Structures are given as structure tokens and as C-alpha cells.
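Accompanying notes for the structure given below.
Keep in mind that what you see is a predicted model, and the values were worked out from it rather than measured. In the text below, chain A, chain B and the rest are named by the order of the sequence lines, each starting its count at 1.
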Protein chains: 2
Amino acid sequence: MTRVLIVDDEPQLLRALRINLVARHYEVALAADGGSALRQAAQFHPDLVVLDLGLPDIDGVEVVHGLRGWTAVPIVVLSGRAGSQDKIDALDAGADDYVTKPFDIEELLARIRAVTRRASPPEAQPARIRVGGHTVDLAAKTVSGDVRLTPTEWRLLELLLRNPGKLIGQRQMLTEVWGASYAKETHYLRQYMAQLRRKLEPDPARPVHLITEPGMGYRFTP
Amino acid sequence: MTRVLIVDDEPQLLRALRINLVARHYEVALAADGGSALRQAAQFHPDLVVLDLGLPDIDGVEVVHGLRGWTAVPIVVLSGRAGSQDKIDALDAGADDYVTKPFDIEELLARIRAVTRRASPPEAQPARIRVGGHTVDLAAKTVSGDVRLTPTEWRLLELLLRNPGKLIGQRQMLTEVWGASYAKETHYLRQYMAQLRRKLEPDPARPVHLITEPGMGYRFTP
DNA sequence: CGGGGGCGTAGGGAACCCGTCAAGATGCGG
DNA sequence: CCGCATCTTGACGGGTTCCCTACGCCCCCG
């Protein structure tokens with residue numbers, strides 16, 4: 001289920017988009033200004049952001065910058081401004097598409113499908129990975145042997161498992177899992193890595209797959 | 001250098017696009033109809049296709065289908081038809097973006113940058129470097145043969161390995177690894193270079209790859 | 001032949017980082 | 001309204017890494 005964050009200051013448009021997207025089985029979160037948009041993005045972890053440029057607090061292009069600072073989530077910009085320079089600025093800031101108001105809802109949905117298709121489905125493999133005595137399925141979000149993981153644990157584990165053998169810096173882990181404003185809270189890493197090891201490693205005190213690299217980050221070793 | 005295939009039946013537009021793209025250091029191939037477009041795509045292997053829908057032989061949407069049968073190359077559609085259904089059909093057929101004529105050339109270029117940016121950076125080769133009997137992967141921060149390096153050792157080694165054969169001055173090493181205020185603490189260099197040699201060189205007493213240039217600095221020799 | 005600067009090596013103290021336990025705060029569903 | 005799961009926050013012990021000092025060696029130079 002694709003998760004979409006819609007950012008717009010017109011309640012009417014928010015409502016219309018939400019209804020249309022929910023009807024097509026998207027999971028929807030809403031934000032009415034740039035500040036809450038950035039906050040929501042960090043908490044909700046959308047697979048797509050639909051962003052109006054005309055926000056009351058922050059300029060839309062700045063919101064794009066703020067998002068691109070720590071995430072590659074696809075961004076479709078909505079705007080009343082039809083000038084070429086506006087489009088160029090938004091696209092070069094990191095937006096993936098630019099739609100001018102008024103727009104046809106079906107066209108917007110098609111563009112959403114296009115950017116989502118481009119961003120998400122490179123891997124069609126089952127994505128089952130063995131960790132310790134368990135088998136992890138990242139797509140189905142399941143672990144064999146009656147092990148349950150919390151949402152935060154899943155995001156952390158997925159980041160590591162998608163980069164097997166590669167070291168992930170603690171700053172990257174914190175920004176991608178918790179958001180850019182948590183880049184220095186290394187305490188969370190110790191806390192949640194310990195939980196993952198307790199749930200997955202045969203001997204949590206002597207991890208074999210979830211390895212600590214002191215001073216740098218963590219690494220998943222198959 | 002990004003390779004672009006432009007498909008349009010108007011020689012004038014082909015020419016204008018080619019000039020603009022070549023001026024921006026794209027590599028350009030041209031096609032005037034759907035048949036040659038598909039042939040060119042197979043031979044030229046473009047990183048991006050700019051495709052006019054109004055072709056003399058095949059319908060543009062069919063060209064999109066033909067391309068998507070075997071390649072995921074980004075496709076930006078150009079079209080005189082501004083109807084929503086046309087856009088939806090093209091996007092759902094596999095196009096990445098849809099621009100209606102007449103269009104601003106700068107906007108098209110920005111959209112080209114956007115889809116190229118989204119499609120291109122997924123793959124980066126491991127970038128392994130052989131040092132002594134070991135293989136170093138700077139991206140994954142791994143060394144073959146159960147060798148572990150500390151963060152400072154990594155920073156130092158990375159600086160040398162990214163400039164193979166080139167002499168790195170002591171001042172530069174100290175400022176880049178330890179900071180500007182340590183620019184004269186040359187004994188740190190001796191300390192950590194010795195550690196790197198102990199961990200990487202076959203005979204640490206007679207280094208082959210991590211060479212001292214007395215009075216000047218150090219050099220990595222592949 | 002004696003002196004000095006640059007280099008390699010060794011060792012110890014301090015700071016930092018990590019793992020762990022525990023408890024408070026928050027949010028959600030019943 | 002309450003209970004449970006999850007997320008935050010704090011404190012402590014142990015280990016590693018880093019910083020710093022000291023010493024011996026070689027080469028260059030006087």
C-alpha cells in the first residue's frame with residue numbers, strides 16, 4: 001500500500017485529494033503548511049509527497065530542499081504558478097513532477113502512478129533474507145518463528161538488510177529512520193540495535209549478522 | 001555523458017532540441033518516426049528518450065509500449081494533444097513525463113534533468129582497491145581478510161587511496177583528517193601510518209604501497 | 001666526527017563510545 | 001477510562017580508540 005503525504009493549504013483540495021486517493025487504496029496523511037509537512041514526512045515516511053508550492057509559512061521550494069536533505073521520496077509539486085521559471089526552480093530543487101492548477105484529477109493520479117512506478121519497483125525478488133535462525137521477508141514484513149518487530153525496528157532492519165555487507169553510518173541511519181532532526185541521537189541506535197539483536201541473533205551478546213563498527217555505524221553481514 | 005534519443009517528425013524541432021542538448025553536453029541521436037525510433041533505441045542505448053506522440057507511422061503510445069517491452073529507459077513524451085486522456089494513456093503506458101506543445105525549452109530541460117536524476121544513480125560499482133594482500137572497498141568500508149580499521153584510520157586511508165600515485169602533503173593530511181588546528185602535529189601521521197602499514201602491508205617495515213616521502217608527505221602506490 | 005631534524009615504535013592515561021538495565025512518557029485500542 | 005505496546009530518556013560499567021609523551025634510529029649537514 002502506497003503511503004502518500006498531501007501538503008496544501010486549501011482544506012477543500014486536501015479533502016478532494018484524500019477522498020480520491022483513499023478510494024484507490026492509497027494510505028494518506030495530510031499537512032496544511034510547510035512546517036508540519038516536514039514533520040509529517042519524518043514521522044509518516046511516505047512513499048510519495050504531493051506538495052503545493054503556495055504554503056502560508058515556508059516557500060514550497062524550501063520544503064523540497066528540506067525533504068531532499070535526507071530522503072529521496074518522490075515529490076509531485078502542485079502550483080497555481082504556471083511560469084516556466086517556477087517549474088524549473090522546483091524541478092531542479094529535487095521535485096519529480098510539476099502540475100499546474102487547475103488540474104484534472106485523473107491526470108494527477110496518472111502522474112502519481114508514473115513517479116511511483118519509477119521510484120519503487122526495481123526489485124521484484126521475494127526479498128527473503130536469512131538472519132541468524134530466522135527468515136526475514138522485507139516485502140511482507142514478516143519474520144519466521146513468531147518474532148514480531150515494531151515499525152521503527154522494521155525501518156532500521158530494512159535499511160541494513162538492503163545494503164548487505166555495507167557499512168551504514170550512524171548519521172544516515174538516524175536521518176533515514178527517525179528524521180533529519182535526530183541526526184545526533186546515537187542513543188536510539190544502541191537501544192534499537194540491541195532489540196533487533198535480542199529478537200534475531202542466536203546469541204545477542206555476540207552478534208554475527210548485526211555488527212557494530214565503533215565510531216562509525218553498523219553493518220549487516222549475511 | 002548522458003545519451004538522449006529524440007524522436008519527432010518535425011525536422012525543425014529535432015534541430016532545435018539537438019542544438020540545445022548538445023550545447024549542454026548531452027550526446028544526441030535522432031529519429032523521425034516510430035520504426036526508426038525503436039531501431040535507434042536498440043542500437044544507441046540512450047539514457048533518455050524524448051518522444052513525440054504524433055508520428056507518421058506508429059502511434060506514440062505504441063512506441064512507448066515497444067520500448068517498455070525490453071528497457072526501463074526514462075521517456076519524456078512531447079505532444080500537441082493536451083487532453084487529459086492522452087496524458088493518462090501515455091503515462092500509464094510507461095512514460096515518465098508528458099509535456100504539451102508548445103513548450104518552453106528550459107522547462108523541458110528541467111524535466112529531462114528530473115527524470116534523469118531519478119533514473120540514473122542506482123548503480124555504483126563497488127570500487128575495490130588492492131593494497132598488499134588485501135582488498136579495500138571504500139564505500140562499504142570493508143577490508144578483506146578480517147582486518148578492521150578505526151574511523152581515523154579510514155579517513156587517512158581514504159584520503160590516500162582517492163589520490164593514487166599522488167603525493168599528499170603532511171599539512172593537507174592533518175587538516176583533512178584531524179582538523180586545521182592540528183596542522184603541525186606531524187607525529188600523528190607517523191602513528192597512524194604505522195598502524196595502517198601494520199594492518200595492510202605484507203612487510204610493515206618495508207612498505208610497498210604506503211610510501212613515505214621524507215619532509216613532504218605520503219603517497220599511495222597501487 | 002658530532003649534532004640535529006625527521007621518522008618509526010612503544011606505552012599509558014583520558015575521553016569517548018558502546019551495550020545494558022530500568023523507568024517515565026506517549027499513543028492506541030478496548 | 002484504563003491497559004498495553006511502543007517510543008523516549010536517564011544512568012552505569014566495560015571496552016576501545018584516541019591523544020600525548022618518550023625513546024631509538026637513520027640520514028643529512030655542519
Parallel, tilted or perpendicular, as decided by the 30° and 60° cut-offs, for the rings of Trp70(A) and His45(A): perpendicular
Whole angstrom value for the distance that separates P of dC19(D) from CD of Glu185(B): 10 Å
Sugar-phosphate only, base, or nothing, as touched by Gln191(B) at under 4.0 Å among non-hydrogen atoms: base
Thr150(A) side-chain N/O to dC7(D) phosphate OP1/OP2 under 4.0 Å: yes
Leu38(A) vs Leu67(A) side-chain heavy atoms within contact, under 4.5 Å: yes
Whole-Å distance separating the OH atom of Tyr182(A) from the C1' atom of dC7(D): 9 Å
Between P of dT8(D) and CG of Leu174(A), the distance in whole Å: 11 Å
Span of DNA chain C in contact with chain A (heavy atoms, under 4.0 Å): dC17(C) to dA22(C)
Enclosure of Arg113(A) CZ (heavy-atom neighbours >12, cutoff 6.0 Å): yes
Side chains of Val76(B) and Leu48(B) in contact at under 4.5 Å (non-hydrogen atoms): yes
Whole-Å distance separating the CZ atom of Arg206(B) from the C1' atom of dC26(D): 15 Å
Under 4.0 angstrom between Tyr188(A) side-chain N/O and dC7(D) OP1 or OP2: no
Contact check, side chains of Leu156(A) and Leu189(A), non-hydrogen atoms, under 4.5 Å: yes
Distance test, side-chain N/O of Trp178(A) to OP1/OP2 of dC7(D), below 4.0 Å: no
Sugar-phosphate, base or nothing in reach of Thr152(A), heavy atoms under 4.0 Å: sugar-phosphate
Interatomic distance where CE belongs to Met193(B) and P belongs to dC18(D) [whole Å]: 15 Å
d(NE2, His187(B); C1', dC18(D)) in whole Å: 11 Å
Rounded to 10 degrees, the angle between the two terminal axes of the helix from dC1(C)-dG30(D) to dG30(C)-dC1(D), each from five pairs: 30°
Touch class at under 4.0 angstrom, heavy-atom based, for Gln170(A) against every strand present: sugar-phosphate
Arg148(B) side chain near dT16(D) phosphate (N/O to OP1/OP2, under 4.0 Å): no
Rounded interatomic separation in angstrom, taking CG from Leu189(B) and P from dC19(D): 12 Å
Derivation of the side-chain contact (heavy atoms from CB on, under 4.5 Å) call for Lys141(B) and Glu213(A): CA-CA 10 Å; Lys141(B) 294 273 189 295; Glu213(A) 298 285 353; over 6 Å; no
Sugar-phosphate only, base, or nothing, as touched by Arg197(B) at under 4.0 Å among non-hydrogen atoms: sugar-phosphate
Student check: side-chain heavy atoms of Lys184(A) and Leu174(A) closer than 4.5 Å: no
Close side-chain approach of Val115(A) and Asp97(B), heavy atoms under 4.5 Å: no
Heavy-atom neighbours of Arg68(B) CZ exceed 12 at 6.0 Å: yes
Distance, nearest 0.5 Å, that separates NZ of Lys87(B) from CG of Leu53(B): 11.5 Å
Interatomic distance where CZ belongs to Arg190(A) and C1' belongs to dG15(D) [whole Å]: 13 Å
